[in-house]
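To start, the structure itself, in structure tokens.
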Amino acid sequence: MPKGSDLLVAALENEGVDRIFGVPGEENLDVVESLRNSKIKLILTRHEQAAAFMAATHGRLTGNPGVCISTLGPGALNLSTGAAYAHLGAMPMIMITGQKAIMTAKQARFQIVDVIASMRPLTKMARQIISPKSIPSIVRDAFRVAMEERPGPVHLELPEDVAGEETDDVPLIPPHPIDQPVAPPAALDRAAKMICEAQRPLVMLGAGSSRPRLVEPLSSFVRRTRIPFFNTQMGKGSVTGGSNLYMGTAALSSGDYVHRAVDHADLIISIGHDTVEKPPFIMGPDGPKVVHVGFTAPSVEQVYFPHAEIIGDVGPSLALLADRIEGKLHIDPAFSGLRSEILSRIRDRADEERFPPTPQRIVRDVRKVMPEDGIVCLDNGMYKIWFARNYRTHVANTLLLDNALATMGAGLPSAMMAAILYPKRRVLAVCGDGGFMMNSQEMETAVRLGLNLVILILEDSAYGMIRWKQAVDSFPDWGLTFGNPDFVHYAQSYGATGHRVRKTDDLVPTIEAAFKDTGVHLITVPIDYVENTRVLVEELRGRVPEPA
Ligand SMILES: Cc1ncc(C[n+]2csc(CCOP(=O)(O)OP(=O)(O)O)c2C)c(N)n1
Ligand SMILES: [Mg+2]
């Protein structure tokens with residue numbers, strides 16, 4: 001007779017799961033034993049947080065939930081930042097945590113916290129499994145809920161007595177594809193009229209436009225309508241940045257060069273914008289009209305309150321919208337001049353030779369060694385703004401960054417997941433010296449798994465972004481610097497290869513050589529953050545003369 005844990009593992013196999021990430025505890029041992037007899041691989045990580053970041057990234061990149069596992073109390077709580085990352089980032093994920101027996105209490109309250117209650121605000125659904133018979137339906141429901149728009153994490157708690165209890169075989173529930181309704185004709189007609197009446201329409205591609213299934217429909221919409229577009233940080237690459245309609249990326253909320261295009265527009269078709277992102281522009285009473293196109297309705301915010309909505313499956317809804325507007329649009333030729341101006345500003349100082357290198361130079365050099373389908377995974381720090389602003393993406397989900405929870409520590413785990421899923425593509429993690437150290441122990445996991453992966457650490461011996469904000473807000477420079485390990489030796493101690501860049505011109509050949517080799521490589525380079533204030537504050541506020 002199968003045990004609860006056998007049914008759980010069979011139900012996961014039924015969903016196509018091939019790996020589970022995590023750190024088991026004694027309450028998960030029945031599940032570990034059922035995994036041993038299954039096709040699913042158990043991938044141990046060195047911290048539960050990393051397991052959750054990896055599982056979430058699996059969901060983000062494939063549309064199918066990644067699965068992670070932990071013990072009760074302390075292990076489960078270590079998953080919570082990953083839960084929030086997936087929840088805000090709309091990444092489908094399943095978290096399975098153990099619990100002490102629920103029929104008896106032989107250890108009183110040892111290690112027991114109310115994990116379900118702690119997960120509720122961080123997930124789409126959090127449930128305790130109280131009987132083995134319910135497992136097939138609960139697991140099917142969990143996957144459905146996690147994948148359904150807007151995707152996100154689901155938490156299941158499996159107490160050890162339920163996991164170990166034998167039961168009659170319960171049939172599994174076959175998964176089926178979920179189709180979403182398409183936007184209603186009245187909404188499409190209303191929006192089409194507004195768009196055709198506009199003199200200077202512009203498209204914005206938001207986080208939702210990076211869903212794996214939208215690649216073709218979005219490109220087709222832009223091709224058919226020829227409306228210039230810009231993107232949010234998490235919408236990068238959903239239509240190629242090589243297109244002559246690409247106006248830039250909104251890494252700041254206002255005042256950047258790309259906002260010249262936003263200010264010029266009288267209507268913005270906002271596709272897949274998710275207000276979890278730091279605002280890509282600020283709506284006000286006099287700004288452009290906004291038509292929101294999304295899988296779900298936008299929340300009404302002080303800074304985002306669309307005038308019309310096209311809600312439904314985005315791909316087919318956009319095709320119906322294009323049918324209504326193709327060939328009937330005003331495209332303002334001034335956008336093309338604005339585009340050259342914006343993009344040339346962005347290229348400024350990318351060629352500079354000084355050492356330590358500027359952020360612009362580092363972004364340019366990384367782009368040089370990454371093929372179009374190469375994946376750059378950012379941790380969270382000052383360089384994120386530079387990569388979002390300056391790195392041109394040609395394929396969706398090739399610059400993975402977190403502009404939702406914006407947590408530190410996800411750079412390395414997300415890159416590891418990308419390297420597992422796409423072993424033939426180049427994968428580069430770019431981390432600050434602060435963020436890298438929050439999950440650097442996963443170097444061991446990466447080496448153990450035999451991944452081919454390059455990690456670039458940008459060293460400023462500081463929590464640079466906060467230090468920059470401190471300066472922008474006119475506080476004295478105080479309290480935000482630290483010392484670092486010798487990263488080359490640190491890498492070697494894990495069995496990885498370490499490199500230190502000592503000349504700006506060595507950056508490209510060092511990254512290139514690391515990719516040509518196999519295994520895990522760590523490259524550390526100092527970064528000159530003087531540019532943060534010079535460009536992102538003074539130049540944009542017109543306080544320094546603009547370069548000729
Ligand atoms: C888990 C977490 N803790 C704190 C912060 C606040 N925070 C944002 S950026 C940053 C500094 C990042 O430092 P580092 O990784 O060295 O990158 P740098 O900005 O120096 O390039 C901090 C502390 C955060 N976003 N996430
Ligand atoms: Mg730093």
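- Taking a 6.0 Å sphere around CD1 of I130, one finds it holds 12 or fewer heavy atoms contributed by other residues, nucleotides or ligands.
- Inspection of the K236 and T249 side chains reveals an N or O donor paired with an N or O acceptor under 3.5 Å.
- With sequence neighbours excluded, the residues satisfying ring pair (Phe, Tyr, Trp, His ring centres under 6.0 Å) with H292 are Y304.
- More than 12 heavy atoms of other residues, nucleotides or ligands shown are found within 6.0 angstrom of CE on M1.
- Residues S299 and T275 bring a donor and an acceptor atom of their side chains to less than 3.5 Å of each other.
- A salt bridge links R500 to D486: one of the charged nitrogens lies within less than 4.0 Å of a carboxylate oxygen.
- At least one donor-acceptor pair closer than 3.5 Å links the side chain of R150 to the backbone N or O of H87.
- Every residue meeting the side chain to side chain donor-acceptor pair (under 3.5 Å) condition with N484, not counting sequence neighbours, appears here in chain and number order: D433, E459.
- F295 has its side chain out of reach of D274: every pair of non-hydrogen atoms, C-beta onward, lies at least 4.5 Å apart.
- Using a 3.5 Å distance cut-off with no hydrogens or angles, the side chains of E165 and T167 do not pair a donor with an acceptor.
- Checked by atom type, the side-chain pair T518/N452 shows no donor-acceptor distance below 3.5 Å.
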### Query
Does the pair E160 and K100 meet the rule for a salt bridge (charged side-chain N to carboxylate O under 4.0 Å, His left out), with working shown?
CA-CA 6 Å; E160 63 176 329; K100 297 279 180 213; 5.1 Å; no
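- Residues satisfying the ring pair (Phe, Tyr, Trp, His ring centres under 6.0 Å) test with F515, not counting sequence neighbours, are none.
- Remark: R426 engages E512 in a salt bridge, criterion side-chain N to carboxylate O under 4.0 Å.
- Using modelled atom types, one finds a donor on one side chain and an acceptor on the other under 3.5 Å when comparing Q441 with N439.
- Side-chain contact between T45 and V23 is present, with at least one heavy-atom pair separated by less than 4.5 Å.
- Salt bridge present: R211 and E149 bring a charged side-chain N and a carboxylate O closer than 4.0 Å.
- For the pair E148/K124, a side-chain contact is recorded, criterion being any heavy-atom separation below 4.5 Å from C-beta on.
- Looking only at side-chain heavy atoms (C-beta outward), Y391 and M370 come within less than 4.5 Å of each other.
- Note that CE of M438 and CZ of F53 are 9.5 Å apart. Values are rounded to the nearest 0.5 Å.
- E277 places a side-chain N or O within 3.5 Å of a backbone atom of M234 that can act as its donor or acceptor partner.
- Under 3.5 Å, the side chains of T232 and H273 contain no donor-acceptor pair of N or O atoms.
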